[in-house]
Amino acid sequence: GASMTRSYTLTRSDGCTVTGTLTDGKVNGEVVVVYPSGVVRSVQRFEMNTPVGTHRQFSPEGDQLHSATYTNGIISHINGEPIVIEEVEF
């Protein structure tokens, strides 16, 4: 069947505005959160609820605070540095 895609905008209790797109009820595409001032707070990308690519968060002044990069739906880098998952031996 055909996929249902719709855009949404909602205002959070903290006054920030969230815009994104749902496909068949799942978050699909870019999700942008904007401070009440109009400055972008965060940009995230999803493919059918799975986080993909580099997600960025910004301060109220517009400076990048941190970023997180996802590979195969799992966080792989923080601020561009690879995360090393240490294997735990029992």
Side-chain angles (χ1 to χ4, degrees):
S3 290
M4 248 318 268
T5 298
R6 66 181 185 87
S7 298
Y8 67 90
T9 301
L10 53 95
T11 303
R12 302 196 314 201
S13 57
D14 61 5
C16 293
T17 304
V18 184
T19 54
T21 307
L22 294 173
T23 300
D24 296 336
K26 295 181 176 169
V27 180
N28 199 34
E30 208 166 66
V31 176
V32 180
V33 179
V34 179
Y35 287 106
S37 64
V39 173
V40 172
R41 177 170 176 164
S42 65
V43 179
Q44 301 173 302
R45 185 172 285 283
F46 296 87
E47 286 177 6
M48 302 305 279
N49 279 356
T50 301
V52 294
T54 300
H55 293 201
R56 303 177 193 282
Q57 189 156 4
F58 303 90
S59 73
E61 293 73 45
D63 300 310
Q64 183 171 307
L65 297 175
H66 58 82
S67 69
T69 302
Y70 291 83
T71 304
N72 300 324
I74 299 167
I75 195 161
S76 60
H77 295 72
I78 292 181
N79 299 327
E81 294 291 317
I83 295 175
V84 177
I85 306 289
E86 297 197 10
E87 302 213 0
V88 178
E89 291 186 16
F90 292 99

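Computed from heavy atoms alone, side chains included, the values below leave out hydrogens, waters and symmetry copies.
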Check the side chains of Thr9 and Thr19 for a donor-acceptor pair under 3.5 angstrom, ignoring hydrogens and angles.
->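 Looking only at side-chain atoms, Thr9 and Thr19 do not form any donor-acceptor pair under 3.5 Å.
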Could you tell me the separation between the [atom1] atom of [X] and the [atom2] atom of [Y], rounded to the nearest 0.5 Å?
X     : Y     : atom1 : atom2 : result
Glu30 : His55 : CD    : NE2   : 9.5 Å
Ser59 : His66 : OG    : NE2   : 11.0 Å
Ile78 : Ser67 : CD1   : OG    : 8.5 Å
Thr54 : Gln44 : OG1   : CD    : 11.5 Å

Yes or no on side-chain contact (heavy atoms from CB on, under 4.5 Å) for Glu47 and Asn28, after CA distance, side-chain angles and deciding distance?
-> CA-CA 5 Å; Glu47 286 177 6; Asn28 199 34; 4.3 Å; yes
Under 6.0 Å from the CD atom of Gln57, do we count more than 12 heavy atoms belonging to anything else shown?
->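 More than 12 within 6.0 Å, yes.
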Residues, nucleotides or ligands: over 12 heavy atoms within 6.0 Å of Asn72 CG =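 Open: at most 12 neighbouring heavy atoms sit under 6.0 Å from CG of Asn72.
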Establish whether [X] and [Y] are linked, either directly or via other cluster members, by ILVMFWY side-chain heavy-atom contacts under 4.5 Å.
X     : Y     : answer
Phe46 : Val18 : yes
Val33 : Phe58 : no
Tyr70 : Val31 : no
Val34 : Val43 : yes
Leu10 : Leu22 : yes

Does any part of the side chain of [Y], heavy atoms only, come nearer than 4.5 Å to the side chain of [X], both counted from C-beta?
X     : Y     : value
Val39 : Pro60 : no
Met48 : Thr23 : yes
Thr5  : Thr21 : yes

Mind checking side chain to side chain contact (heavy atoms under 4.5 Å, CB included) for Glu81 and listing every partner two or more places apart, or none if nothing turns up?
->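 Testing Glu81 for side chain to side chain contact (heavy atoms under 4.5 Å, CB included), a comparison that skips the adjacent residues, returns none.
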Apply side chain to side chain contact (heavy atoms under 4.5 Å, CB included) to Thr50 and list each qualifying residue two or more places apart in sequence or on a separate chain.
->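 Per chain and number, Thr50 pairs via side chain to side chain contact (heavy atoms under 4.5 Å, CB included) with no residue.
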